**Student:** 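What follows is a structure written as structure tokens; I'll ask about it next.
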2 protein chains.
Amino acid sequence: MKIGELARLSGLTPSRIRFYERIGLLKTVDRRPNGYRTYPRQAVMILGLITTAQRAGFTLDEIRTLLPPDLEHWDHATLMDALTRKIADIEALQARLAQSRMHLLRLIEDIQARPDDMDCAANAHRVLTNMLADHPKALDVTSDDIRLLDATDRRQSVSPGRRKKTASR
Amino acid sequence: MKIGELARLSGLTPSRIRFYERIGLLKTVDRRPNGYRTYPRQAVMILGLITTAQRAGFTLDEIRTLLPPDLEHWDHATLMDALTRKIADIEALQARLAQSRMHLLRLIEDIQARPDDMDCAANAHRVLTNMLADHPKALDVTSDDIRLLDATDRRQSVSPGRRKKTASR
DNA sequence: CCTAACGTTAAAGATAGCTTCAAGGTCAAG
DNA sequence: CTTGACCTTGAAGCTATCTTTAACGTTAGG
């Protein structure tokens, strides 16, 4: 089949298929005398496999190294290893997302927890200070820096669980 | 303070700070007679805020529209709305990651569930067919999701896996 | 006075994964 | 014979977020 038909069958665009060939993800295919690419039926499955792997989080580079020249002969060990590591990657991402989410929830709570006797500006400062104190390491901000920030306006900075031990630096 | 000191205090590079100014994320700062930028101490907090928001999954564009000219005067309603929507984004992504993970786990199981009387080639075909027959849209991850992933992932990844010779010939 | 470290700018490069464009060649139908 | 749909190529563009480079000015210290 020609590239247009393969595109229709696989749901990809012709340009994408040519792109995959260019980067070595698909092996070069046969050409007709006029230069047109000619694909075997199996190509549809290969493309489906590629998009499925992409959706699972594999990069094209990873897919290229995993894809065997022959769909029936996989490097079993390498494949299982890649799958296992990808699951671990996903779990790491999940952990970070969970943290991000909790961080945002805590931020919302903190903003709404404005004491009655505090005006918005002071509350803004309180929330900001709390938030930036939450991740000192990631921001490369030391405890000295925090104190420096506080010095700007040292009125009140009340929050539960303010600093956690400022690990290392 | 000059840009180098701000960079040290904030953990960002000078080029990144200049970049933020160029795209309008930071307002233009005062200059000394020699042309050097001069920052107020508050700038450290603004940069910390920006990187924190980035880690939470906000794009620089989003941050720019949310950041008030004055750190003490936020658009409370818009901010809360943005935070809430970002949490929803995260949760949607979490759901998709969970599905991706389950998909991979099922794939591993399926590969290992090769009947005794089936050779590897036939098993490969069986697994492939099962996989491609699975809910193809279930794991779809949009470019927006990728961005959110990047926000939590990129700056922490050790090496940005480089591609060899990006498609040219 | 010299040098190293810092500051400035505009422009280009890097990353992933494509799409789009320009400039053609091929082919089937009418 | 013309039209329009298809095919070809290489090169450039797109997105977001920076970094790097080049070429140059400034400043602090010895």
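Source: prediction; values computed, not measured. Lettering follows sequence order; numbering is per chain, from 1.
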**Student:** Let me know the distance between CG of B/Leu6 and P of C/dT8, rounded to the nearest Å.
**Tutor:** 11 Å

**Student:** Before giving the answer on side chain to side chain contact (heavy atoms under 4.5 Å, CB included), spell out for A/Arg37 and A/Ile17 the whole-Å C-alpha distance, their side-chain angles and the decisive distance to 0.1 Å.
**Tutor:** CA-CA 11 Å; A/Arg37 289 171 178 81; A/Ile17 297 171; over 6 Å; no

**Student:** Which nucleotide, D/dT26, C/dC18, C/dT26, lies nearest any side-chain atom of A/Leu60?
**Tutor:**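 Of the candidates, C/dC18 comes closest.
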
**Student:** Send over the distance from A/Tyr39 OH to D/dC7 C1', rounded to a whole Å.
**Tutor:**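 Between C1' of D/dC7 and OH of A/Tyr39: 11 Å.
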
**Student:** Rounded to the nearest Å, what distance is computed from the CD atom of residue B/Glu21 to the P atom of nucleotide D/dT17?
**Tutor:** 18 Å

**Student:** So if I take every side-chain heavy atom of B/Phe19 and compare against C/dG7, C/dC18, D/dC18, which nucleotide ends up nearest?
**Tutor:** D/dC18

**Student:** Just the rounded figure in Å: distance from C1' of C/dG24 to OH of A/Tyr36.
**Tutor:**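 One finds 11 Å between C1' of C/dG24 and OH of A/Tyr36, rounded.
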
**Student:** In a check of side-chain contact (heavy atoms from CB on, under 4.5 Å) between A/Ile63 and each of A/Leu49, A/Thr52, A/Leu25, A/Thr51, which one passes?
**Tutor:**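 Of the listed residues A/Leu49, A/Thr52, A/Leu25, A/Thr51, the side-chain contact (heavy atoms from CB on, under 4.5 Å) partner of A/Ile63 is A/Leu25.
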
**Student:** Hey, are A/Asp81 and A/Arg85 close enough for a salt bridge, meaning a charged N less than 4.0 Å from a carboxylate O?
**Tutor:**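 Yes, A/Asp81 and A/Arg85 are salt-bridged.
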
**Student:** In Å and rounded to the nearest 0.5 Å, what is the NZ to CZ distance from B/Lys2 to B/Arg8?
**Tutor:**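 With rounding to 0.5 Å, NZ (B/Lys2) is 9.5 Å from CZ (B/Arg8).
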
**Student:** In whole angstrom, give the distance that lies between atom CD1 of B/Ile63 and atom C1' of D/dA16.
**Tutor:**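 Spelled out: CD1 on B/Ile63 to C1' on D/dA16 is 12 Å.
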
**Student:** Ignoring backbone atoms, establish whether A/Tyr20 has a side-chain N or O less than 4.0 Å from OP1 or OP2 of C/dC18.
**Tutor:** yes

**Student:** Could you check whether A/Arg31 gets within reach of a base, just the sugar-phosphate, or nothing at all, counting any heavy atom under 4.0 Å?
**Tutor:** sugar-phosphate

**Student:** Does B/Arg18 make a side-chain N or O approach to OP1 or OP2 of D/dT20 shorter than 4.0 Å?
**Tutor:** no

**Student:** Taking atom P of D/dT17 as reference, at what distance in whole Å does atom CG of B/Leu12 sit?
**Tutor:**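 Rounding to the nearest Å, CG of B/Leu12 and P of D/dT17 are 14 Å apart.
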
**Student:** Rounded to whole angstroms, how far apart are CD1 on B/Ile17 and C1' on D/dT19?
**Tutor:**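 After rounding, the reported distance stands at 14 Å.
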
**Student:** Pair A/Thr38, A/Val29 - check side chain to side chain contact (heavy atoms under 4.5 Å, CB included), show working.
**Tutor:** CA-CA 6 Å; A/Thr38 296; A/Val29 292; over 6 Å; no

**Student:** So A/Ile3, base contact, sugar-phosphate only, or nothing? Heavy-atom distance under 4.0 Å.
**Tutor:**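 Sugar-phosphate only.
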
**Student:** Has B/Asn34 got a side-chain N or O lying under 4.0 Å from the OP1 or OP2 atom of C/dG7?
**Tutor:** no

**Student:** Should B/Thr13 be listed as having a side-chain N or O under 4.0 Å from OP1 or OP2 of D/dT19?
**Tutor:**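 Answer is yes, contact under 4.0 Å.
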
**Student:** Of the listed nucleotides (D/dT17, D/dT19, D/dC7), which one gets closest to any side-chain atom of B/Arg22?
**Tutor:** D/dT19

**Student:** Taking for each residue the nucleotide of DNA chain D bearing the nearest heavy atom, is the 5' side occupied by A/Lys2 or by B/Lys2?
**Tutor:**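 So the residue in question is A/Lys2.
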
**Student:** Check this one for me: any side-chain N or O of B/Arg37 less than 4.0 Å away from OP1 or OP2 of C/dG7?
**Tutor:**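 B/Arg37 to C/dG7 OP1/OP2: no side-chain N or O under 4.0 Å.
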
**Student:** Should B/Ser15 be listed as having a side-chain N or O under 4.0 Å from OP1 or OP2 of D/dT19?
**Tutor:** yes

**Student:** On the nucleotide C/dA16, are OP1 or OP2 found under 4.0 Å from the side-chain N or O atoms that A/Gln54 carries?
**Tutor:**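 Checking C/dA16 against A/Gln54, no side-chain N or O comes under 4.0 Å of OP1 or OP2.
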
**Student:** Kindly say if A/Thr59 contacts the phosphate of C/dA16, meaning a side-chain N or O under 4.0 Å from OP1 or OP2.
**Tutor:**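 Answer is no, no contact under 4.0 Å.
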
**Student:** Taking atom C1' of D/dT19 as reference, at what distance in whole Å does atom CZ of B/Arg16 sit?
**Tutor:**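 B/Arg16 atom CZ is separated from D/dT19 atom C1' by 11 Å.
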
**Student:** How far apart are the C-alpha atoms of B/Asp89 and B/Lys86, what are their side-chain angles, what is the distance that settles it, and do they pass the side chain to side chain contact (heavy atoms under 4.5 Å, CB included) test?
**Tutor:** CA-CA 5 Å; B/Asp89 289 352; B/Lys86 191 55 67 181; 3.7 Å; yes

